[in-house]
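What follows is a set of notes on a single structure, which appears directly below.
Both backbone and side-chain heavy atoms feed into the values below; hydrogens, waters and symmetry mates do not. So you know, we letter chains A, B, ... as the sequences are listed, proteins then strands, and number each from 1.
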Amino acid sequence: MMLDPLLAANMNVTWWLLPLVVTVSLVYNATRYELPEKILQRSLRMGVAIVAFMGGALVFLFLLS
Amino acid sequence: MPAQRIDLKNPILAAALAWLVPGLGHAYQGRWFKAILYSACIWSTWFCGWALGDGKVVYYNRDMKRGRWTAGYAAQIMVGAAALPAIYQTGRASPGGRPEDRSQIELKGPLSGTFDGALAGVSFTDGRKAYFRVGGQFEMQPSDDDTFRRSVTGRLTGTVHTVDENDGGVPDGTAVKVSINYLESLEPEVFPSPHRALKCQVKGRMEGPKGGDFSADLRGKVLNVRSLWNRYEAPLDAEGLEAAHGDLGKYFEIALVYTWIAGLLNLLAIWDAFEGPAYGYGDEDSTTGKKPDDATGPPPVAATPVVAPVAGDSLADQISATG
């Protein structure tokens, strides 16, 4: 079982960050709280914060380059 | 910690189950939302990494030089049962505790199937040199001749395909028959790939007016001959690791990171099964009016009666009024 090499070659590796952001946010916040609504709400906030931070870093590095 | 509000049952058993199968510990405690959430997140990350790495990123290698665990496997084993077979597979792949040298691997039984590879350094008897891709039916078996440990007999019947000008005038699709002269190296039997690679020296004959007798090096893979049992979480040797990096490029590293993160996330889940959620149940705001669950904000402050400011009142007056 292997990812289609053509598909993989055409994907920017940065996109592989997004599934990790989702799972890390969900699992991390699930270990902090018990209520599903609270977990989802906090996960959304954390996910957005991570993406915003990474996006900011990307823009900064892009401008720097 | 709201342990009183959550029945953790036997926390040690729950933690053990959470380690063994992500989500199982929470299912045992009846925390179904978390069981599903952990299970979905951790398993999907794990299998995404496993598939992205072509099944080659999860393995336990007793470090080839120092006989230690590799750090990556220490993270992967946190997903429990899914990573445990790697230890057994390493024992099968390297009985002496060290990966086998491919050049010393003995063929233990017949090997046959579809072959895909190349005829390199083709040298015809009339002096022509050439290089071809080659495909066809391959078979090889141990020889009765025990003069050499790697004595084998075998043959390949197929067609050659030209890849560039270096074809010696042989047209594309010419039929070829080769017999194995000497087996140079053979991929281990326990290895994380369905195909089995080999290199051997051969002698053969190509059909047609531009054909003829030749000697060459045959390199390639016999396709889909390795069982799932012989490849699941089997360790990579140095050559295999190099080839995996070459085949998968940066995705090999991404796949490794995915499996590591899956393991590390399960470590958090194991602790949650043992101790309960770290900051609170999650509804403390509505029940108590306090904010014990807000780890990022300031610490909770005692409630203070609010006094409406009156024009002309000084700050000292307000403080004395509230005190």
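To the nearest 0.5 Å, atom OH of residue Y281(B) and atom NZ of residue K38(A) are 13.5 Å apart. Rounding to the nearest 0.5 Å gives a distance of 9.0 Å between OH of Y279(B) and CZ of R42(A).
Chosen from L268(B), N266(B), L265(B), the residue pairing most often with chain A at heavy-atom distances under 4.5 Å is L265(B).
With a 6.0 Å radius and a threshold of 12 heavy atoms from other residues, nucleotides or ligands, I12(B) has its CD1 atom at or below the threshold. The 12-atom threshold is exceeded at CZ of F33(B), counting heavy atoms of other residues, nucleotides or ligands nearer than 6.0 Å. Within a 6.0 Å sphere centred on CD of E242(B), other residues, nucleotides and ligands contribute 12 heavy atoms or fewer.
Both the backbone and the side chain of V24(A) come within contact range of chain B, with heavy atoms under 4.5 Å apart. Only the side chain of L37(B) comes within less than 4.5 Å of a heavy atom in chain A; its backbone stays farther off.
Here the closest non-hydrogen pair linking I261(B) and L20(A) is CD1-CD1, 3.7 Å. R32(A) and P277(B) get closest at one heavy-atom pair: O-CB, 3.4 Å. Of all heavy-atom pairs between L26(A) and C41(B), the closest is CD1-SG, 3.7 Å.
Using a 4.5 Å heavy-atom cutoff, the side chains of Y38(B) and T31(A) are in contact. Side-chain contact between Y258(B) and T23(A) is absent, with no heavy-atom pair separated by less than 4.5 Å. Put simply, the side chain of W16(A) reaches to within 4.5 Å of the side chain of L52(B), judged on heavy atoms.
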